[in-house]
Amino acid sequence: MSKLALVYLPDAFIQSDLGYRTGHSGTFSICCECRNQIYNIVFFGQHHNCSITLSIGPCVLCTLPLLFFSQACTGIDNIAEAITLLELNNWDLVAAINGVMPQENGILQSEASQANIYGPHSQAATAEAAVAPPATSSSSSSPPSSSSAFCPVLPSRHIVERQPRMLNFRVEYRQRTVEVVVEEGSAVGEIKHILETELQVPISKMQLKGWKSGDVSDITVLRSLHLPKNNSLYVLTPDIAPTASTSQNSVLQESLNQNFLLVISHREAQRDYNLNFPGSRTIQEVKRNVSDLTNIPVRHQQWEGWPAAASDDSMTLAASGISYPCHHLSVCRRSSPVNNTEANMFEQCADVHMVSDSEGDDFEDASEFGVDESEMFGMGSSTGCRKAALMPENSENESDALLHFTAEFSTRYGECHPVFFIGTLEAASQEAFYGKARDRKLLAIYLHNDESVLSNVFCSQMMCADSIVAYLSQNFITWAWDVTKEANKARLLTICTRHFGSVVAQTIRTYKTDQFPLLLTVMGKRTSNEVLNVIQGNTTVDELMMRLMGAMEIFSAQQQEDIKDEDEREAREMVKREQDEAYQLSLEADRKKREAQEREQAEQLRLQQIQKEADDEKEAIRLSLEHALPPEPAEEGGEPISKLRIRTPSGEFLVRRFLGSTKLQILFDFVASKGYPWDDFKLLTTFPRRNITQLDPASSLLEAKLFPQETLFLEAKE
């Protein structure tokens with residue numbers, strides 16, 4: 001697929017090497033088939049009878065078209081500028097040339113080119129074809145034409161439409177943001193139609209602002225504005241008031257909690273200040289801080305960049321209408337007005353916001369008229385402008401004084417500030433210096449003085465900077481004190497003398513009021529505390545951070561030595577502790593072994609005693625039974641005699657004669673008297689096997705059939 005473009009080629013190209021190589025006429029083709037789209041560009045000389053047809057593939061549009069665009073076609077010698085213009089036109093060479101070439105004859109406009117090349121032949125196109133020189137191979141076949149420099153060339157391939165260039169718009173309306181994406185060929189009115197749907201704002205009441213070329217009409221084509229790909233606009237609706245007061249209050253409250261970055265350019269010093277302020281800060285407070293930085297009294301400051309609504313210095317930044325999150329301002333010293341005419345000229349300047357603390361604008365210097373400079377910084381005798389003290393005078397409890405300090409500091413400078421240690425300086429030192437070596441920190445002592453002109457700027461811009469707050473919180477224990485009152489200053493000197501010695505106290509005493517505030521960095525050592533740095537108020541955030549980091553480097557080196565010593569000491573203590581534990585375990589094992597032996601011996605003695613008692617009891621029973629037995633009858637008696645042989649478990653035989661009428665109980669007692677109680681043993685016959693102990697003890701031997709003789713044996717019961 002191909003696309004045809006007509007491009008004017010001046011004599012510079014005809015006289016170039018490329019022009020001579022092509023013989024001033026004919027077709028010069030550079031074709032790359034990496035894509036299906038080919039550009040056929042036809043060049044015609046102004047004073048030569050020649051024509052050159054050049055076919056360029058998209059892959060070489062980064063090189064050769066850039067050369068043609070920057071030098072041959074437009075005369076632009078700056079390659080960077082040519083690249084920028086090509087990028088703005090999405091690397092469309094024809095559109096880029098149309099944007100920079102003269103438009104007297106109107107032929108180079110993209111609409112006319114497209115009409116001549118792709119559309120139906122109109123009368124204008126016919127006229128162009130009639131007066132243009134024909135594109136032939138001979139440079140002398142046709143005379144040059146003065147009425148037109150172009151000749152329409154019909155494409156030899158089918159035309160593929162180029163993808164339209166899309167533009168992105170970020171449109172802000174009050175507290176809303178709408179993203180709009182439209183084609184480059186769209187009109188401004190199409191954007192308004194989209195915004196009408198999104199914002200519910202009628203087009204008739206909508207003003208679309210932010211165009212770099214000024215206000216544009218709704219029918220303006222975006223392509224004619226030569227816009228970059230990404231754009232930012234905003235909508236104004238002066239005829240539409242906010243829907244409800246509650247929404248205004250919520251938006252204002254949200255703005256009060258936001259932080260605004262003011263980029264303030266000091267024109268005389270040619271220096272920029274990047275200052276962060278909360279939305280609750282007033283314009284007057286901003287100007288006082290700038291006065292501290294630039295040494296320009298508030299009454300002599302001449303400003304540029306404040307919105308027209310910021311007419312009252314007591315107005316907060318959130319309500320002043322400045323841009324969020326960043327707003328640019330400039331300030332300089334106002335020259336002394338010579339007459340009222342010159343003063344009126346300053347007052348009538350719409351872009352300049354003049355500031356004065358009093359009604360008279362003709363004072364050249366307040367001090368010349370008896371005005372105390374402290375009144376200009378909000379520290380005069382007027383009770384209406386006097387700030388509450390950061391710390392009450394003669395406070396008995398240091399913790400209560402520091403709580404008051406922290407609360408008042410937050411009220412003045414916002415919640416983003418270092419975490420001040422609540423407690424005595426001795427407690428802060430204990431927290432910082434006397435923990436484990438790995439947990440120790442530096443001690444930062446902040447000394448505030450409201451009478452110093454540097455205090456406000458140092459607190460708001462240095463102490464409340466995010467980087468400083470984070471660094472102090474991570475590496476320091478921060479303790480603060482207010483020395484504005486002499487009583488509080490004397491108390492501080494006493495405390496410092498007790499903890500750091502008279503040298504530190506004397507050093508603090510030598511600093512003048514305008515050198516405050518001070519930030520002391522203190523490092524704890526084995527025997528004493530050392531003050532590493534005394535940072536004065538006339539510093540910047542970068543310098544303050546460098547001083548803090550320098551102190552941290554010294555502390556880190558000392559901390560590593562302390563950690564090494566602590567580790568070695570803990571290792572020694574651990575070895576000693578392990579040895580002590582092993583010794584104690586050995587003693588405990590010996591003690592338990594000894595106790596076990598003692599318990600075993602005691603148990604043995606107890607068992608022996610029990611056994612002895614049992615044996616004694618058995619022996620007593622045996623003896624009593626033995627004495628209770630009737631005498632053994634003679635063999636030749638008148639009564640029947642039963643002779644019994646009893647075999648014991650040991651194999652011995654017990655032989656005794658009994659009367660046939662003797663009860664079995666007497667037999668059992670006889671056996672028990674020999675040490676075989678019938679509760680533990682049973683008496684059995686041999687054959688048939690009978691258990692005599694199961695018979696009635698009151699039956700006789702005759703009834704038990706143990707007559708005239710019988711052999712029995714004893715067997716232990718199970």
Side-chain angles (χ1 to χ4, degrees), residues 570-633 641-701 703-707 709-718:
E570 289 182 353
R572 292 192 300 268
E573 292 177 353
M574 181 177 294
V575 171
K576 184 178 181 299
R577 187 165 54 251
E578 290 176 353
Q579 292 175 349
D580 293 342
E581 290 177 356
Y583 177 70
Q584 293 297 329
L585 290 175
S586 176
L587 292 178
E588 183 68 16
D590 293 342
R591 184 182 62 79
K592 290 181 178 180
K593 183 177 180 181
R594 184 171 60 256
E595 290 178 353
Q597 291 176 353
E598 291 175 354
R599 285 195 301 270
E600 184 178 358
Q601 292 176 0
E603 183 68 17
Q604 290 178 357
L605 292 174
R606 187 181 68 83
L607 293 176
Q608 290 176 1
Q609 183 66 25
I610 293 173
Q611 184 65 34
K612 183 176 180 302
E613 292 176 355
D615 293 344
D616 293 344
E617 184 179 0
K618 288 180 180 180
E619 182 65 19
I621 294 173
R622 187 187 68 79
L623 292 175
S624 64
L625 292 175
E626 186 177 0
H627 289 300
L629 288 174
E632 184 178 3
I641 301 298
S642 178
K643 186 177 181 180
L644 300 179
R645 297 176 72 250
I646 302 171
R647 184 179 178 181
T648 64
S650 62
E652 297 179 356
F653 285 93
L654 302 176
V655 181
R656 195 178 190 281
R657 295 184 298 275
F658 297 92
L659 293 174
S661 60
T662 302
K663 305 296 183 181
L664 289 178
Q665 183 63 49
I666 300 300
L667 175 62
F668 296 155
D669 292 342
F670 169 74
V671 174
S673 65
K674 299 300 182 183
Y676 303 100
W678 68 285
D679 293 337
D680 298 332
F681 294 88
K682 53 187 176 180
L683 194 61
L684 306 174
T685 60
T686 55
F687 186 81
R689 183 183 177 89
R690 291 184 303 154
N691 188 354
I692 303 301
T693 54
Q694 292 180 349
L695 299 178
D696 185 8
S699 60
S700 63
L701 296 179
E703 293 173 350
K705 297 180 182 181
L706 298 177
F707 180 82
Q709 62 181 12
E710 186 67 40
T711 301
L712 305 173
F713 64 92
L714 290 169
E715 185 178 290
K717 291 182 178 181
E718 296 179 355

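All heavy atoms count here, side chains included; hydrogens, waters and symmetry mates do not.
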Inset, instruction - Look at the rings of Phe670 and Phe658 and say which category their plane angle falls in: under 30° parallel, 30 to 60° tilted, over 60° perpendicular. - result: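 Phe670 and Phe658: perpendicular rings.
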Atom pairs and distances, donor-acceptor, side-chain atoms in residues 576-583, under 3.5 Å, two or more places apart:
| from | atom 1 | to | atom 2 | distance (Å) |
| --- | --- | --- | --- | --- |
| Lys576 | NZ | Asp580 | OD2 | 3.3 |

Inset, instruction - Please answer whether the main-chain N or O of Leu706 pairs with a side-chain N or O of Ser642 as donor and acceptor at a distance below 3.5 Å. - result: yes
Inset, instruction - Give a yes or no answer on whether the side chain of Arg690 reaches the backbone of Ala704 with a donor-acceptor pair at less than 3.5 Å. - result: yes
How long is the gap from [atom1] on [X] to [atom2] on [Y], to the nearest 0.5 Å?
{"X": "Leu625", "Y": "Ile666", "atom1": "CG", "atom2": "CD1", "value": "9.5 Å"}
{"X": "Glu710", "Y": "Ile692", "atom1": "CD", "atom2": "CD1", "value": "7.5 Å"}
{"X": "Arg647", "Y": "Leu683", "atom1": "CZ", "atom2": "CG", "value": "13.5 Å"}

Legend entry - Greater than 12 external heavy atoms within 6.0 Å of Lys643's NZ: no
Inset, instruction - Give a yes or no on this: more than 12 heavy atoms of other residues, nucleotides or ligands lie within 6.0 Å of atom CD of Glu652. - result: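 Not buried by this count: 12 neighbours or fewer within 6.0 Å.
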Inset, instruction - Identify, with sequence neighbours excluded, every residue that meets ring pair (Phe, Tyr, Trp, His ring centres under 6.0 Å) alongside Phe681. - result: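 Residues passing ring pair (Phe, Tyr, Trp, His ring centres under 6.0 Å) with Phe681: Tyr676.
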Nearest atoms (heavy-atom pairs only) where [X] meets [Y]:
{"X": "Lys717", "Y": "Trp678", "value": "NZ-O, 3.0 Å"}
{"X": "Ala672", "Y": "Pro677", "value": "CB-CA, 3.8 Å"}
{"X": "Leu664", "Y": "Asp696", "value": "CD1-O, 3.3 Å"}

Inset, instruction - Would you list the pairs meeting salt bridge (charged side-chain N to carboxylate O under 4.0 Å, His left out) in which at least one residue belongs to residues 654-675, sequence neighbours left out? - result: Glu632-Arg657, Glu635-Arg657
Inset, instruction - Decide, yes or no, whether a salt bridge links Glu603 with Arg599 under the criterion of side-chain N to carboxylate O below 4.0 Å. - result: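 No.
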Legend entry - Glu619 with Arg622: basic N within carboxylate O range, under 4.0 Å: yes
